[in-house]
Amino acid sequence: MKHWLEESIFYEIYPQSFCDSNCDGIGDIPGIIEKLDYIKELGCNALWLNPCYLSPFGDAGYDVADYCRVAPRYGTNDDLVRLFEEAHKRDMHVILDLVPGHTSVEHPWFKESCKAEPNQYWGRYIWSNSVWVDVADYDGIAGSLRGISSRDGSVAVNFFSNQPALNYGFAHPTEPWQSAVDSPEALGTRQAMKDAMTFWLSRGCDGFRVDMAGSLVKNDPGSKETIRLWQDIRAFLDQTYPDAVMISEWGEPDKSLMGGFHMDFLLQFGTSHYMDLFRCDHPYFSREGKGDASSFVETYKRNYQLTNQKGMMCIPSGNHDTTRIRNYLDCNELKLVYAFLLSMPGAPFLYYGDEIGMRYLKLTSVEGGYDRTGSRTPMQWNKEKNYGFSAAPAERLYTPQDPAEDAPVVSEQMEDPNSLWHEIQKLTKIRRAFPALCASGDIRFVYCEPEKYPLVYLRSADNQKILVALNPSAEGVSCPCPYEMKERIYTLGGDLRIENGILYIPGESAGFASVR
């Protein structure tokens, strides 16, 4: 029986910005439940929820104060369990955002670790043995805090100063205060995270997207000990919740898949060249035709080989940390983007609002968002008050909304058969109809040359072979192609054709065809 990930298409929800059911200006879990049918109609059958746990929201919920309690502004634990249940009724799955690398300074663990007298949480975080000894000069540690409590020592932070780093040990301890990866302190932290995962898996959660998955063990060149840590967690899950999915924010698929993750994200950081496609001065998917996808393809091919051709690399439309894709490409260009995203291996991820081309706004920082805040604005459902997101006064909304008269909204795009929304819906249906286009289907790149178009690749599974040809540039192009066309499956823009070993494709076009 095939795993549900094989046909999964994820929809990422930023809970505070999706749908407000109680008129307080903040999105919530009952609001998400209200929109499950909408998400399914679009063609997505899996959800990724950004952190919805108790938090002081210094970093929009990535500063967790209790891993096992839903933040009251989103609802209750019972509401989240109901979301799992309602999703499952619709043959949909839900993964939560796990933040294992750090907590909030408000977490009870951290408050206990700050006390002068030793206790069971003294080793839960990375503390030096003297306030005069810094912890920041080690691989994997972003900075430190000192003089914050009666405890003598400085404590490591992962990113913001309100996010103290949890202690999973050092691969190569060099100081007395550095724990080994198999120390009681480091293993205690690991068990605490297993307990948090078990808490939600036992209540119906289907798995986790893991924040900063490659950064847990410090001073770990090559990530060998971090890989072993995740292998241990995967072995634990296999014994207790074998169907639990793990998807990593790592950026190095060869390492994350070795660690037991099902998939790894190719994101805005790392060496994937993801940004070359959609978010740079000359994106490959712009009609100007000045982009270059060759570095992306070469890196993808290298990772594909390193992962034994599993192909489980996730390519998202965007996320809560990136400028919205609409900032670089218009809705017609985005149609070709989705023809690409929904025909590549791994699981595609759509960020809420990207399906209608929501814009990035320049806004003052909210909850530690800074320049990311403009990608976290409330969903635009219709042309009613607050675009249908909330009945609260506008000044109480999580962030301001797009003030433009032509701001895209769901209701209008659902009514327009030529909209971006309907193109995505069409592509999701095609993807599921052909096993070769799904997560584990093989991929072979047929044509991709530096600073040239088109991009052509072959997807295959069993006896099915589907050629995907993409030409975002405005000019018609051609390239060598060793296949003969059997049947056109999908056409956007103009028809591709293959004659005498040459593939021809018009400008701003995409095509899928079965071939021999």
Side-chain angles (χ1 to χ4, degrees), residues 59 62-64 67 98-105 107 109-110 112-114 118 120-146 148-149 151-194 196-197 208 210-234 236 246 248-252 254-256 258-261 264 267 269-271:
D59 186 19
Y62 282 91
D63 48 331
V64 178
Y67 288 98
L98 185 69
V99 190
H102 51 260
T103 70
S104 163
V105 291
H107 199 294
W109 297 344
F110 186 68
E112 288 297 310
S113 80
C114 287
Q120 63 176 320
Y121 298 105
W122 246 45
R124 186 58 52 88
Y125 300 84
I126 302 170
W127 286 86
S128 71
N129 53 8
S130 169
V131 73
W132 313 114
V133 176
D134 200 0
V135 296
D137 295 329
Y138 295 90
D139 179 47
I141 298 176
S144 62
L145 296 175
R146 309 192 212 194
I148 60 170
S149 70
R151 179 173 179 171
D152 186 10
S154 61
V155 63
V157 297
N158 265 356
F159 187 47
F160 290 159
S161 59
N162 57 14
Q163 294 170 325
L166 286 164
N167 181 19
Y168 294 90
F170 285 68
H172 303 285
T174 58
E175 302 292 338
W177 50 268
Q178 296 177 0
S179 304
V181 292
D182 59 354
S183 66
E185 296 84 5
L187 293 178
T189 305
R190 191 184 303 191
Q191 184 60 49
M193 208 49 57
K194 291 177 181 177
M197 297 170 81
F208 301 92
V210 181
D211 182 66
M212 296 177 64
S215 67
L216 300 193
V217 177
K218 308 305 183 186
N219 198 19
D220 187 19
S223 304
K224 291 182 179 179
E225 292 299 336
T226 303
I227 290 170
R228 289 193 183 100
L229 181 154
W230 285 114
Q231 287 173 339
D232 173 65
I233 291 177
R234 182 70 256 173
F236 160 75
M246 290 202 305
S248 59
E249 183 192 40
W250 196 315
E252 297 179 273
D254 58 315
K255 294 177 181 177
S256 63
M258 189 184 301
F261 286 92
D264 187 41
L267 289 179
F269 56 83
T271 60

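These figures come from a predicted structure and were not determined experimentally.
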Between the main-chain N or O of Asp211 and the side-chain N or O of Tyr62, is there a donor-acceptor pair closer than 3.5 Å? no
Look up atom CG in Leu166 and atom NE2 in His107, then write down how far apart they are to the nearest 0.5 Å. 8.0 Å
Testing the basics here: between Ala213 and Phe261, what is the closest heavy-atom pair and its distance to 0.1 Å? CB-CZ, 3.8 Å
Under the side-chain hydrogen bond (donor to acceptor under 3.5 Å, both in side chains) rule, collect the residues that match up with Ser149, sequence neighbours excluded. none
How are the rings of Phe170 and Tyr138 set to each other: parallel, tilted or perpendicular (split at 30° and 60°)? perpendicular
Which atom names give the shortest non-hydrogen contact between Gly140 and Lys218, and what distance separates them? O-NZ, 2.9 Å
Smallest heavy-atom separation, Ala171 atom then Glu225 atom, equals CB-CG, 3.7 Å
Under 3.5 Å: donor-acceptor pair, side chain of Ser223, backbone of Thr226: no
State whether the side chain of Arg151 and the backbone N or O of Ser113 hold a donor-acceptor pair below 3.5 Å, judged by distance alone. yes
Which pair of heavy atoms, one from His102 and one from Met212, lies closest together, and at what distance? CE1-SD, 3.9 Å
Side-chain H-bond candidate by donor/acceptor type, Thr103 with Tyr125, under 3.5 Å: yes
Would you call Asp152 and Trp127 a side-chain contact if the rule is heavy atoms closer than 4.5 Å? no
Only one of Asn167, Thr189, Asn158 passes side-chain contact (heavy atoms from CB on, under 4.5 Å) with Ile126, and that residue is Asn167
Not counting sequence neighbours, which residues clear side-chain hydrogen bond (donor to acceptor under 3.5 Å, both in side chains) with Asp254? List them please. none
Over 60° means perpendicular and under 30° means parallel, so tell me whether Tyr121 and Trp109 are parallel, tilted or perpendicular. parallel
I'd like to know if Asp232 pairs up with Lys194 as an ion pair, taking the criterion as any Lys NZ or Arg NE/NH1/NH2 lying under 4.0 Å from an Asp or Glu carboxylate oxygen. yes
Indicate yes or no for a side-chain donor-acceptor contact from Asn219 to the backbone of His172 under 3.5 Å, with no hydrogens or angles considered. yes
Any donor-acceptor N/O pair, Tyr67 side chain to Val99 backbone, under 3.5 Å: yes
Do the side chain of Ser154 and the main chain of Val133 share a donor and acceptor less than 3.5 angstrom apart? yes
